[in-house]
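Have a look at the structure below before the remarks.
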Amino acid sequence: MTSAPRDALEFPDSDRGFLEPHLPPRDGSAPESDLPFTTLTFATSLDASLALSPGARTVLSGPQSKAMTHYLRSRHDGIIIGVGTAVADDPGLNCRITGVGGYGKPGLDGQPRPVVIDPTARWDFSDDSKLFQLCREGRGLAPWIITAVEKPNAKKQALLEKYGGRFIPVKMLRTHTGRHQVDWPDLLVTLKSNGLNSVMVEGGGQVIKSLLCPLYMSLLDSVIVTIAPTWLGEGGVVVSPDRRFDEDGNAISAARLKNVKWYPFGEDVVLCGQIKLYD
Ligand SMILES: NC(=O)c1ccc[n+]([C@@H]2O[C@H](COP(=O)([O-])OP(=O)(O)OC[C@H]3O[C@@H](n4cnc5c(N)ncnc54)[C@H](O)[C@@H]3O)[C@@H](O)[C@H]2O)c1
Ligand SMILES: Nc1nc(=O)c(N)c(NC[C@H](O)[C@H](O)[C@H](O)COP(=O)(O)O)[nH]1
């Protein structure tokens, strides 16, 4: 073991057991499936906000649930975020649990692949971006950027490739409001065929909303939500999927979990479950 960096987090064995039924199998996802094991995980306030505003990095998780999120990162091959989160947070998207590669262990074993959905390749990353600092220090992997642009900016591409990352062009649909919409099954199949047997989707709001729709929610194998005891107030980035309607036109819930377990964790509570599918 090499010594762990100062930002290393501890996540004791005694805290790990409860998560096991909600995690990808240790030997990878079902080999016969084209899809990776897919977990939706995020932290929310009591008023369903992920952040104070779309551009604001907002700490919600307490120390224990933050360490839990990093443990989840060690148990997935990839982390998916939207470009809004990349721009707002300048994230590291690595795993900082003691014992993984770069945190007490040589190599990058246990480090997930960051995957950023960026339809127009607008993320203006540079050598100073946190992700690349971590790559230089041997503490994280370079991102894959999922884009609808066929020929992204050559300078950005060179920088990305210098660290072992890349742009992955995919076909995207457009919503009725003109927004890009990734074809989730297609993206997940692409990620699995590139070696990611499990992925966790961390957010932000638009990414989560796009998954929690009738067309795509069945792709989720597991949902793990940290609920922090705070209200962020109006103007936050809210997790609020589109409503569904029954055959009589009455509004019904947008999505619901089944097999639910609640675990108090420090001052937070961690909610684990699976998407309940409707007929
Ligand atoms: N609390 C948490 O767990 C958590 C997690 C992640 C992000 N956040 C916060 O959320 C905020 C960002 O959320 P947001 O909703 O503004 O941005 P986002 O991260 O969801 O990114 C939005 C952008 O990503 C792309 N995108 C998203 N979904 C897509 C899809 N299905 N198809 C194609 N492109 C898609 C689009 O370009 C869109 O403009 C930040 O403040 C961040 O700190 C919090
Ligand atoms: N679990 C969790 N609790 C939080 O309080 C919070 N703000 C996030 N946010 C999720 C987001 O996807 C990434 O955590 C950030 O983008 C930063 O990532 P890093 O920590 O730099 O690796 N996630």
Side-chain angles (χ1 to χ4, degrees), residues 7 9 39-45 47-74 76 79-97 111-112 114-123 129-131 133-134 139-141 143 145-149 170-175 177-188 200-213 215-216 219 223-230 232 235-241 265-268 270-271:
D7 62 347
L9 300 166
T39 303
L40 174 63
T41 184
F42 58 89
T44 177
S45 67
D47 45 355
S49 277
L50 295 171
L52 284 162
S53 69
R57 188 175 177 132
T58 307
V59 174
L60 285 167
S61 301
Q64 286 105 322
S65 46
K66 178 178 176 183
M68 178 200 74
T69 297
H70 281 264
Y71 175 63
L72 298 184
R73 289 180 175 184
S74 76
H76 292 80
I79 306 178
I80 303 180
I81 60 161
V83 60
T85 299
V87 170
D89 291 2
D90 184 23
L93 298 176
N94 66 339
C95 170
R96 306 199 271 278
I97 291 287
Q111 289 297 345
V115 177
V116 180
I117 304 179
D118 186 2
T120 58
R122 73 175 160 100
W123 182 24
S129 299
K130 177 91 180 289
L131 268 155
Q133 290 174 33
L134 292 170
R139 297 197 277 143
L141 293 170
I145 302 181
I146 308 301
T147 185
V149 175
V170 298
K171 284 209 180 73
M172 293 201 196
L173 317 166
R174 295 278 191 159
T175 64
T177 54
R179 272 190 185 164
H180 283 97
Q181 168 66 318
V182 82
D183 180 334
W184 278 104
D186 187 53
L187 172 60
L188 293 174
M200 55 192 263
V201 181
E202 284 202 8
Q206 288 185 37
V207 169
I208 297 171
K209 181 174 171 161
S210 79
L211 263 173
L212 289 180
C213 75
L215 196 57
Y216 296 136
L219 295 164
V223 179
I224 303 177
V225 181
T226 295
I227 302 167
T230 183
L232 291 184
V237 179
V238 176
V239 178
S240 185
F265 218 42
E267 292 196 335
D268 302 336
V270 172
L271 161 64

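Atoms within each ligand, like the ligands themselves, are counted from 1 in listed order.
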Pick whichever of Pro91, Gly84, Ser45 has a heavy atom sitting closest to atom 18 (O) of ligand 2. Pro91
May I ask you to check if ligand 2 and His70 share an N or O to N or O distance below 3.5 Å? no
The atoms of ligand 1 lying under 4.0 Å from a heavy atom of Leu60, numbered in the order shown, are 1 (N)
Can you find a non-hydrogen atom of Arg57 under 4.0 Å from ligand 2? yes
May I ask you to check whether Thr85 has an N/O atom sitting below 3.5 Å from an N/O atom of ligand 2? no
Would atom 8 (C) of ligand 2 count as contacted, meaning some protein heavy atom under 4.0 Å? no
So is Lys209 touching ligand 1 or not, going by heavy atoms under 4.0 Å? no
Quick check on Arg96 - does any of its heavy atoms sit under 4.0 Å from an atom of ligand 2? yes
Under a 4.0 angstrom heavy-atom cut-off, which atoms of ligand 1 come close to Gly204? 6 (C), 7 (C), 10 (O), 13 (O), 15 (O), 18 (P), 19 (O), 20 (O)
min-distance protein heavy atom vs atom 15 (C) of ligand 2 -> Asp89 OD2, 3.1 Å
Counting non-hydrogen protein atoms only, what is the nearest one to atom 11 (C) of ligand 2? Give residue, atom name and distance. Glu202 OE1, 3.3 Å
Would Ile81 count as a contact of ligand 1 if the rule is a heavy atom under 4.0 Å away? no
For Ile117, the atoms of ligand 1 under 4.0 Å from one of its heavy atoms are 24 (O), 25 (C), 33 (C), 34 (N), 35 (C)
Check Leu232 against Leu52 and note the closest heavy-atom contact, atom names and distance. O-CD2, 3.7 Å
Atoms of ligand 1 under 4.0 Å from any heavy atom of Phe42, numbered from 1 in the order shown, are 3 (O)
Find all atoms of ligand 1 within a distance of less than 4.0 Å from any non-hydrogen atom belonging to Ser210, and give their numbers and elements. 31 (N)
Short list, please: which atoms of ligand 1 are under 4.0 Å from a heavy atom of Trp184? 31 (N)
What pairs of residues pass the ring pair (Phe, Tyr, Trp, His ring centres under 6.0 Å) test when at least one of them lies in residues 47-74, not counting sequence neighbours? Phe11-Tyr71
Below 4.0 Å from any atom of ligand 1, is there a heavy atom belonging to Ser53? yes
Could you tell me whether Gly92 and ligand 2 have an N or O pair separated by under 3.5 Å? yes
One thing to verify: whether Asp90 and Arg57 come together as a salt bridge, which I'm taking to mean a side-chain N less than 4.0 angstrom from a carboxylate O. no
Look only at interatomic distance and state if Leu50 has a nitrogen or oxygen under 3.5 Å from any nitrogen or oxygen of ligand 2. no
Near Ala43, which atoms of ligand 1 are under 4.0 Å from a heavy atom of that residue? 1 (N), 2 (C), 3 (O)
Interfacing atoms of ligand 1 (cut-off 4.0 Å, heavy-atom, Arg122): 39 (O)
Looking only at heavy atoms, is any part of Leu60 under 4.0 Å from ligand 2, and if so is it the side chain, the backbone, or both, or is it neither? both
Structural part of Thr58 in contact with ligand 2, heavy atom criterion under 4.0 angstrom: backbone
Does some non-hydrogen atom of Asp89 fall short of 4.0 Å from ligand 1? yes
Greater than 12 external heavy atoms within 6.0 Å of Arg179's CZ: no
Run the numbers on Thr39 and Thr41 for side-chain hydrogen bond (donor to acceptor under 3.5 Å, both in side chains), then give the verdict. CA-CA 6 Å; Thr39 303; Thr41 184; over 6 Å; no
Quick one: pull up OG1 in Thr85 and CG in Asp118 and give me the separation to the nearest 0.5 Å. 11.5 Å
Should Met200 be listed as contacting ligand 2, given a heavy-atom distance under 4.0 Å as the test? no
Hey, is Leu93 one of the residues with a heavy atom under 4.0 angstrom from ligand 2? yes
Nearest-neighbour protein heavy atom for atom 23 (N) of ligand 2, which is reported as residue plus atom name and distance: Ala43 CB, 4.4 Å
Establish whether atom 21 (O) of ligand 2 and some protein heavy atom are separated by less than 4.0 angstrom. yes
Within a radius of less than 6.0 Å around CD of Glu267, do more than 12 heavy atoms belonging to other residues, nucleotides or ligands occur? no
